[in-house]
*Asks:* 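Please find one structure pasted underneath; my questions will follow.
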Amino acid sequence: MFTKLETLSDRYRELSEAIAQPEVIQDYPRYQACLKERSSLEPLVEKYSHFQRVEQQIHDSRELLSDPVLAAEAEKELDELTQTREKLIEDLKLLLVPPDPLDDRNVIMEIRAGVGGEEAALFAGDLMRMYLRYADRGGLNASILSVSDTDLGGVNECLLLFSGSGAFGSLKFESGVHCVKRVPVTESSGRIHTSTVTVAVFPEVEEIELTVDPSDLRIDVFHASGHGGQGVNTTDSAVRITHLPTGLVVTCQDERSQLENKAKAMRVLRSRLFDRLKEQQVSARAEDRKNQIGSGDRSDRIRTYYFNHDYVVDHRLNLTVNRTANVINGDLAPFIDALRLAEKTEKMNLLNRK
């Protein structure tokens with residue numbers, strides 16, 4: 001492990017020197033690549049530097065044990081430093097876990113109202129806005145590819161696109177069934193209802209990575225309706241693409257141009273097909289299937305939002321976060337940070353068993 005840490009520290013120093021060189025600064029693609037690699041190594045190098053400082057302090061404290069005046073204080077300090085050292089070793093092991101190669105991909109997110117009628121649609125609208133706010137907080141770019149509104153302001157279904165550093169690495173944990181328990185605005189007697197919304201998260205796939213045979217597609221065009229503003233229903237701009245071998249259907253209607261809607265629909269279709277292929281590969285590895293964190297399994301409830309009790313529970317980790325309003329306003333960091341740590345820990349355990 002320490003040989004690997006030294007190698008990565010040397011690489012970090014090389015990159016730091018490179019980005020200061022005029023020839024690298026003038027070569028923009030190379031400069032950006034160096035910056036990105038250096039940034040990815042920085043947390044590890046800083047943690048390793050901390051570890052080295054603690055190692056030196058431990059060495060110094062041990063030398064003081066022979067001093068009758070300072071021995072007691074040195075022994076106490078040595079105990080504290082030893083505990084710090086053990087914690088740093090565990091942190092370094094986690095940082096050495098290889099990242100998911102898909103983590104920096106753009107994200108296609110699909111939100112659908114489930115059980116609960118209009119209340120489910122209202123909650124789907126809440127989740128759509130929650131993810132848009134999360135993106136704004138986290139420096140991600142977000143756009144709405146398509147949305148089907150309801151008369152009361154809810155959302156039957158929508159497609160969102162997120163781009164930016166680590167987009168899929170953050171949002172991949174949101175795949176699953178989200179449950180809400182609250183008194184709906186449509187409820188006159190004050191009874192608490194339980195409704196569900198499904199969220200599916202796909203890494204965006206480039207055309208060169210997954211070729212789709214045009215003969216496998218049925219493309220329908222029609223008048224856009226609902227969301228879209230002025231100009232809706234005046235032209236056949238909405239596009240529906242059906243992938244005949246799998247039955248997957250994608251609809252996009254938010255752009256004025258039929259060509260733009262078709263391009264967006266193809267982006268979503270490729271991502272869905274890639275996700276299906278990835279799930280088939282994962283299902284063939286029984287050991288890996290035991291780890292459901294980050295796997296995108298959408299068969300189980302992953303989170304419940306208790307509005308009346310003002311807390312949210314993530315069932316994968318049994319993690320409770322207070323202040324439902326904060327979560328709905330985009331503060332998902334407590335969940336995502338905990339799920340990232342759980343994913344890395346599981347990967348580290350798998351590596352240790354090999």
*Asks:* Does some side-chain heavy atom of Val212 sit less than 4.5 Å from a side-chain heavy atom of His243?
*Replies:*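 Of all side-chain heavy-atom pairs linking Val212 with His243, at least one is under 4.5 Å.
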*Asks:* Under 3.5 Å, side chain of Thr196 to main-chain N/O of Val115, donor-acceptor pair present?
*Replies:*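 Yes; judged by distance alone, with no hydrogens or angles, the pair exists.
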*Asks:* Are any non-hydrogen side-chain atoms of Leu160 and Leu145 less than 4.5 angstrom apart?
*Replies:*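 Counting from C-beta outward, Leu160 and Leu145 never come under 4.5 Å.
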*Asks:* Side chain of Arg105, backbone of Glu204: donor and acceptor closer than 3.5 Å?
*Replies:*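 Here the side-chain-to-backbone pair exists.
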*Asks:* Do Thr194 side-chain atoms and Lys181 backbone N/O form a donor-acceptor pair below 3.5 Å?
*Replies:*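 A pair under 3.5 Å: no.
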*Asks:* Does a side-chain heavy-atom distance below 4.5 Å link Thr84 with Thr82?
*Replies:*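 The answer is no; the side chains never approach within 4.5 Å.
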*Asks:* Do Ile192 and Leu122 sit in one hydrophobic cluster, given that two such residues count as connected whenever their side-chain heavy atoms are within less than 4.5 Å of each other, even indirectly?
*Replies:*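 No.
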*Asks:* Should Lys264 and Leu161 count as side-chain neighbours, where that means a heavy-atom distance under 4.5 Å?
*Replies:*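 Answer no - side chains too far apart.
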*Asks:* I want to check something: taking the side chain as every heavy atom from C-beta on, are Arg62 and Glu75 in contact at a cut-off of under 4.5 Å?
*Replies:*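 No - every pair of side-chain heavy atoms lies 4.5 Å or more apart.
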*Asks:* Do side-chain atoms of Arg316 reach the backbone of Phe173 as a donor and acceptor pair under 3.5 angstrom?
*Replies:*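 Present.
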*Asks:* Is any side-chain heavy atom of Asp126 less than 4.5 Å from a side-chain heavy atom of Arg182?
*Replies:*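 When only atoms from C-beta onward are counted, Arg182 and Asp126 do touch, with a gap below 4.5 Å.
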*Asks:* Which residues pass the ring pair (Phe, Tyr, Trp, His ring centres under 6.0 Å) test with Phe123, not counting sequence neighbours?
*Replies:*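 By the ring pair (Phe, Tyr, Trp, His ring centres under 6.0 Å) rule, Phe123 matches Tyr305.
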*Asks:* Rounded to the nearest 0.5 Å, what separates atom CE in Met128 from atom SG in Cys158?
*Replies:*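 So the CE of Met128 and the SG of Cys158 are separated by 5.5 Å.
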*Asks:* Which residues, ordered by chain and number, are linked to Ile19 in its hydrophobic cluster, where ILVMFWY side chains connect at heavy-atom gaps below 4.5 Å, directly or through other members?
*Replies:*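 Besides Ile19, the hydrophobic cluster comprises Val24, Ile25, Tyr31, Leu35, listed by chain and residue number.
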*Asks:* Can you list, pair by pair, the side-chain donor-acceptor contacts under 3.5 Å of residues 39-47, counting residues two or more places apart and other chains?
*Replies:*
{"unit_1": "Ser40", "atom_1": "OG", "unit_2": "Glu37", "atom_2": "O", "d": "2.6"}

*Asks:* Step by step, work out the salt bridge (Lys or Arg N to Asp or Glu O under 4.0 Å) result for Arg38 and Glu17.
*Replies:* CA-CA 11 Å; Arg38 182 180 179 274; Glu17 292 172 4; over 6 Å; no
*Asks:* Just wondering, do Phe307 and Val183 contact through their side chains at under 4.5 Å, heavy atoms?
*Replies:*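 Side-chain contact under 4.5 Å: no.
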*Asks:* Please go through Tyr306's hydrophobic cluster and name the other residues, only I, L, V, M, F, W, Y counting, with side-chain heavy atoms under 4.5 Å joining them.
*Replies:*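 Grouped by the 4.5 Å side-chain rule, Tyr311, Val313 form the rest of the cluster around Tyr306.
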*Asks:* Are Leu159 and Ile144 in one and the same hydrophobic cluster, where Ile, Leu, Val, Met, Phe, Trp and Tyr link if side-chain heavy atoms are under 4.5 Å apart?
*Replies:*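 Leu159 and Ile144: one cluster.
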*Asks:* In the structure I gave you, are the side-chain heavy atoms of Arg112 and Glu157 within less than 4.5 Å of one another anywhere?
*Replies:*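 Yes, their side chains come closer than 4.5 Å.
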*Asks:* Nearest 0.5 angstrom please: Leu171 CG to Asp103 CG, how far?
*Replies:*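 Going from CG on Leu171 over to CG on Asp103, the span is 10.5 Å.
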*Asks:* Output all residues satisfying ring pair (Phe, Tyr, Trp, His ring centres under 6.0 Å) with Phe51, sequence neighbours left out; order by chain, then residue number.
*Replies:*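 For Phe51, the residues satisfying ring pair (Phe, Tyr, Trp, His ring centres under 6.0 Å) (neighbours in sequence not counted) are Phe2.
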*Asks:* Could you walk me through whether Arg11 and Glu14 satisfy the salt bridge (Lys or Arg N to Asp or Glu O under 4.0 Å) test, starting with their C-alpha distance in whole Å, then the side-chain angles of each, then the deciding distance to 0.1 Å, before giving a yes or no?
*Replies:* CA-CA 5 Å; Arg11 178 58 179 164; Glu14 289 174 9; 3.4 Å; yes
*Asks:* Got a sec, which residues hit side-chain hydrogen bond (donor to acceptor under 3.5 Å, both in side chains) with Asn329, two or more places apart in sequence or on another chain?
*Replies:*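 For Asn329 the side-chain hydrogen bond (donor to acceptor under 3.5 Å, both in side chains) partners, ignoring immediate neighbours, are Arg133.
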*Asks:* For the pair Asp331 (side chain) and Asn326 (backbone), establish whether a donor and an acceptor sit closer than 3.5 Å, ignoring hydrogens and angles.
*Replies:*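 No; judged by distance alone, with no hydrogens or angles, the pair does not exist.
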